[in-house]
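Here the structure is a predicted model, which means the values were calculated and not measured.
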Amino acid sequence: MERFYWVRHRCLQLISTDRRRGWYSPPSSLPAKSSLDAQDPLVQRLTGKRRVVVSRCDPHQAEYHSFSKGFQDNSIRTTKYTLISFIPMNLFQQFHRAANLYFLFLVLLNWVPVVKAFQKEITMIPLAVVLTVIAFKDAMEDYRRYRYDKKINNTLTHVYSGSKQYVERRWAEVCVGDLVRLSCNEIIPADMVLLHSSDPNGVCHIETANLDGETNLKQRQVVRDLQQQGSEFVPENYSSHLECENPNNDLRRFRGFMEHPGKVRVGLHSENLLLRSCTVRNTETVIGIVVYAGHETKAMQNNSGPRYKRSKLERRLNMDVLWCVILLLLMCLIAAVGHGFWLSGRQNPIYMIPDDTHPALAAFYMFWTMIIVLQVLIPISLYVSIEIVKLGQIYFIQNDLDLYNPVLDTGVQCRALNITEDLGQIQYLFSDKTGTLTENRMLFRRCTVAGTEYPHHENAISLEQYEEQGCGDADHSLTLRSRTSRKSLSCKSLSCNRSSLSLNTLTAESDTQSVHDTLRRHTPGAGAFSSTMECAVVPDPQLQARLNTLSSPMCSPLRQQAAEISHILDFFLALTVCNTVVVSSPTQPRHVVQMPVVRTPLRSLEEMKAMFQKLSLPRFPSSPSQNTDTPPSLTKKLFTRGRSASYFPNNPLQTPITTLQSPTAEELLYEAESPDEAALVQAAKAYGCTLLGRSPEQVLVAVPGTGPLSIPLLHVLPFHSARKRMSVVVRHPLTGEVVVYTKGADNVIMELAEADGFCREIMERTQRHLDQYAREGLRTLCVAKKVLEEQEYKTWLKRHEYAETSIENREELLLESAERLETNLTLLGATGIVDRLQEEVPESIEALQEAGIKVWVLTGDKQETAINIAFACKLLRPTDHILMANCDSKETCEARLHELQHEIRQVTKEGVSEDDSSDCVLVIDGRTLDYALQKELQGSFLELTCCCRSVICCRSTPLQKSQVVRLVRDKLKVMTLAIGDGANDVSMIQMADVGIGISGQEGMQAVMSSDFAISRFKFLRKLILVHGHWCYARLANMILYFFYKNVMYVNLLFWYQFFCGFSGSTMTNSWVLIFFNLLFTSIPPIIYGMLDKDVSGETLLDLPDLYKSGQNSQAYLPSTFWMNILDAFYQSLVCFFIPYFAYAGSDIGVFSFGSPINGSALLIILLHQLIESRTVTWIHTALLLFSALFYYVFVLLFSLTCVTCNSPTNPLGIETKMMSEPLYFLVCGLTTVLALLPRILCRAFCSTICPSDLVRAQKMERLSAQDYYMSLRQWKENKAAQRLSSRHVPQNLSVNADMPHLTECIAEAGAVLS
């Protein structure tokens, strides 16, 4: 079938009159611009930072032929090799490794006659085996990539052919400038600017799951001011020019402009760009022009593959390899000198062939011969074995069911393939708060409006009951919805008029009785959030009563009340409008919003109320859930009096939203990129301010007392981490004024708000409420507005449009434009949102701290909120002393740091041990942290933090997070781990030695940038304490074992040189010599590195103290390395000289003498591993027996069949003769016992007299269940007693006078959020 489609394409392509694509307009087609055309416009536009794109229609043929060169087509190639280039390129890459180059040098050296040690073919075997294994692995990986590339390149899409029709073409044949038409559920073949959408509002939705893993829909819109050709897009009428930046890997940025025929420039943004690999959803048809193709697309620019880092253990390994090189050179030097002296003492002996070579020159040759003979000292197979072991470790981590999340159907993702052992050596852990420690499932809790606090007590009670009874069902329903949407990915039909299934429906089907009646009664249309749990808000009676005055009959409020009601209405209008929430319902797609015709607006809210009183008519209902539409008689009577409103509810000529009349249609679904937005929209809906629909130009809102209103949306100023706020510019539906609604961090909004007269009083009361919210652990957000004069708006708009159409420095210009607008704001109120802790977070943090890991929390929240959460998750204890650092200048910061250090020293002088500093916790705000990170104060800051058990950085920016991690990592030389769930944590995650992303509610940016990905914070406990400990211990012991066995065996050859005149001869045939380390003893260490367990996972979780052995690198210390080397020397001496003395005076040959030595060496090396193994399973036993049997079968067959295999010597019958004598087995047995006896005695002595914690834990595991738990309890009691004996409770340290309210916060925090 694939071949049939390919033939069909080629036929259509041949029929087409013009097959060339990728038209680019010449510089003369655009008006001159000083920044572009200063010198040579042609050179600047082709080689600069921009590209110009036009379509392939006939009027642009000349431009196409002039500028179609230099840009890639849409074919992709992710393979490294071709059939021709595989062998040379793969060898070239493999020989980048120093070990491979070393053994290649030995192979070439063995070809030199004067230094030849073995047969030429034999010395090539180890290197050939290693290169072949790695080449085979690379070839299989590359072949998989090739098949994927072929499948992608042959995918079909519809491209405009120039003959007034769209033809099917392969993705590989699409080029820049092509007009591509896509239908619903089709994947986008290249980066395209959206020119047409079947939606009348010019929007379409895409799903970026293939790109960044996010399943929530993103809204994209057609370029503004583009000429409309009715319902159909006519490519021949498209004559605009497009100029944009050159390809880059920034997924969230697109800068450029489109110039229409009238010389009008319109800015292009990321909202106009459809990215390759994304999927079109809920849109019948879209048409776009390709701007980036193939490897120039943003998806391919970000396709960097798995992350590769070099672990701490590998760095130590490389150093020990250098020591082995030095040891090899020393042994070769001794042999060379010995050979020179030996020749000097012999004067033409009869047993030597006469040679005129000088002894000094012969010694020089012998040096290189010994390099070849003793080459095994450098473990060539070690690097390959490490790669295999790490793959096995990753397999076991990813298949651990304890780390599997059934709700999200995900386990652990290992994205970095070579730093698993670093998980066992973590010393500092840097964590985000929101979404990492907490659920990031935002639930509206309470609010303050115009200085009046509304506690929402009933809402608090309902939330508690909801959590107790309904959380599990909510998660279950979320899983069902997620699976439903994923299933639609494979749907190729145009089912665009059917929206996603309502989460309420699924919940009702699973368990309708699980949610409290209050929540069900107040949420007939609670809907669902793609990024949060199903939630509802019980309105505050006082706030609800004030809003009801808009619709209560014949009740005229006082002027002060009217102003307050106006504030309340603006507050909820801001919550409803100031967001990017996408709306859908079970009966209509997300993007279908039938907008009403906007009429002449009313002049004021008071005039609207006075008009209602004059007409003596009943008010509109207070909530659209009761009656969204106005009765026809009321509408007729109202609008026949000569007045006009912004909406005719029941006029069929104005396309009313009739779907909202049915009860099921009120189940609106809100999909938000941020959980905060979804919670606030849901809260506004509970008060009757319901977000009904959204388009790029308008927002449809149901307001109490007026019914549905269409609000013109002029501009959206999205959230930015530098501004810490977002704004929307709208034209007020009642007053017609241009209004800016802003929401953001409370400290930022407070600085931008006006503080005159009554506004100052409102701000002071609001600040007190914000402090109270923070003490309760709530996330706070402030809401404000600003009314613009028409002239002021026009002035700002002119500069803003210039910023939008700029290509260079667009982000900076847009940031300045937004900041210029967001000044002199009127504070409307603030909200408090609940973000509960994830399950088992306190236990996990407590275990990590017991393991000796210092936990830092880096968050953008208020200090009070962060402290409260820290108490709840046991990062802070009631007996801890909080050191506050809040400074306004660098000098004050320096003084404060020294003051805190002095106070800690004063406490230690009172007889406190050094470990007492663990009772102190530093809390520092973002401004002070900025000063502390400056070079002059870094030392003082680090000295202070080292004296603290943990650190909490509040109001910190993403840049500050990464700077803190880098400072601690580089200056303290410690192993760091960073964990986060959002895009603001990416820089921190990438900066740490180990980065972990949580696949939570804020998309997949953190996961895509991480080394490991988990779904819940609690999984970090086992990942670090169990798998991290195992991976480090296994790999460290395996590396040490490799060094031991290589040194032990090579020394046997070295000792023999003292008895053969240092001639480079060996007592073993070359085949056994080469295969001894390559085959006979290579497999058991690999299994040892994958499966060995010094302590069980349950014990490691019960006793986090055991993790400290990895932190201190106890398994692989320099002393441990040298002890293994000395043991190898001792064992080699025993293994060589016992057979030497046993066969002294006999007439056996050289190979006969080497037979018991090789047999003894094999048994010693294999049993040595058995002694070092903490876990012996049937797999270990079987492999050890297999290795021994493999050796003896090989040497016996070799002895029986090979006559000339080891020219010029003859090994025929040697092994069979030696093994027929009892002395052989006596020598092998005695040698093995004497060689291993010291290690056995040393291990028994250490385990009995001074056992380590790991040895004690191993002994505990052999006890019965009852004795085990008694020993475990005794262990913990002893550890607690040790900590108490070394700890003294100091006097309270002073709290910063600038933050007096924190004393109350600290006193109350222990009981909050528990």
Side-chain angles (χ1 to χ4, degrees), residues 12-13 15-26 29-30 52-65 67-68 74 156-169 173-184 186 188-206 220-244 256-268 271-274 280 282-291 293 494 496 591-592 695-697:
L12 291 175
Q13 191 179 41
I15 294 173
S16 178
T17 56
D18 194 341
R19 298 187 298 274
R20 287 182 289 184
R21 297 167 301 282
W23 280 250
Y24 297 87
S25 62
S29 64
L30 288 177
V52 181
V53 182
V54 296
S55 76
R56 61 171 301 173
C57 297
D58 293 337
H60 304 285
Q61 291 291 330
E63 297 174 340
Y64 161 69
H65 290 295
F67 295 95
S68 60
N74 201 41
L156 306 180
T157 191
H158 291 85
V159 180
Y160 188 72
S161 65
S163 56
K164 297 185 178 181
Q165 63 177 347
Y166 289 89
V167 298
E168 286 186 337
R169 285 200 179 124
E173 298 172 348
V174 176
C175 289
V176 175
D178 275 341
L179 296 176
V180 178
R181 185 182 66 188
L182 300 171
S183 301
C184 183
E186 286 194 44
I188 302 170
D191 291 353
M192 310 187 309
V193 171
L194 184 59
L195 301 180
H196 173 76
S197 171
S198 59
D199 180 77
N201 295 309
V203 300
C204 79
H205 287 80
I206 62 173
R220 295 295 182 262
Q221 61 188 51
V222 174
V223 180
R224 289 190 295 109
D225 300 333
L226 195 63
Q227 292 183 356
Q228 300 296 322
Q229 295 91 6
S231 59
E232 294 293 333
F233 178 81
V234 181
E236 286 82 0
N237 295 339
Y238 171 73
S239 56
S240 300
H241 294 73
L242 186 151
E243 186 169 341
C244 62
F257 62 84
M258 180 175 288
E259 186 173 283
H260 299 313
K263 305 299 181 181
V264 177
R265 288 186 175 182
V266 177
L268 299 178
E271 291 79 11
N272 307 124
L273 188 66
L274 304 181
V280 177
N282 293 351
T283 310
E284 293 283 355
T285 306
V286 297
I287 297 175
I289 183 171
V290 176
V291 290
L494 294 177
C496 297
H591 67 286
V592 175
S695 77
E697 294 83 17

[X] side chain to [Y] main-chain N or O, any donor-acceptor pair under 3.5 Å?
{"X": "Asp178", "Y": "Cys175", "answer": "yes"}
{"X": "Asp191", "Y": "Leu273", "answer": "no"}
{"X": "Asn282", "Y": "Cys204", "answer": "no"}
{"X": "Ser197", "Y": "Gly202", "answer": "no"}

Original post:
For Glu173 and Asn74, what are the C-alpha separation, side-chain angles and deciding distance, and is it a side-chain contact (heavy atoms from CB on, under 4.5 Å)?
Top reply: CA-CA 6 Å; Glu173 298 172 348; Asn74 201 41; over 6 Å; no
Show the nearest heavy-atom pair for residues [X] and [Y], with the distance to one decimal.
{"X": "Leu156", "Y": "Glu168", "answer": "CD1-OE1, 3.9 Å"}
{"X": "Val159", "Y": "Arg169", "answer": "CG1-NH1, 3.6 Å"}
{"X": "Ser183", "Y": "Val280", "answer": "O-CB, 3.8 Å"}
{"X": "Ser198", "Y": "Thr283", "answer": "OG-CG2, 3.6 Å"}
{"X": "His241", "Y": "Val54", "answer": "CD2-CG1, 3.1 Å"}

Side chains of [X] and [Y] in contact at under 4.5 Å (non-hydrogen atoms):
{"X": "Val52", "Y": "Leu242", "value": "no"}
{"X": "Val180", "Y": "Ile287", "value": "no"}
{"X": "Asn272", "Y": "Leu194", "value": "no"}
{"X": "Ile289", "Y": "Tyr238", "value": "yes"}
{"X": "Phe257", "Y": "Cys244", "value": "no"}
{"X": "Leu182", "Y": "Met192", "value": "yes"}
{"X": "Leu274", "Y": "Ile206", "value": "yes"}

Subject >> Which residues share a salt bridge (charged side-chain N to carboxylate O under 4.0 Å, His left out) with Arg224, sequence neighbours left out >> reply: Glu804
Subject >> side-chain contact (heavy atoms from CB on, under 4.5 Å) between Leu195 and Leu179, worked out >> reply: CA-CA 9 Å; Leu195 301 180; Leu179 296 176; 3.8 Å; yes
Original post:
Rounded to the nearest 0.5 Å, how far does CZ of Phe233 lie from NE2 of His196?
Top reply: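 Going from the NE2 atom of His196 to the CZ atom of Phe233 covers 8.0 Å.
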Subject >> Salt-bridge present (Glu259, Arg265; N to O < 4.0 Å) >> reply: yes
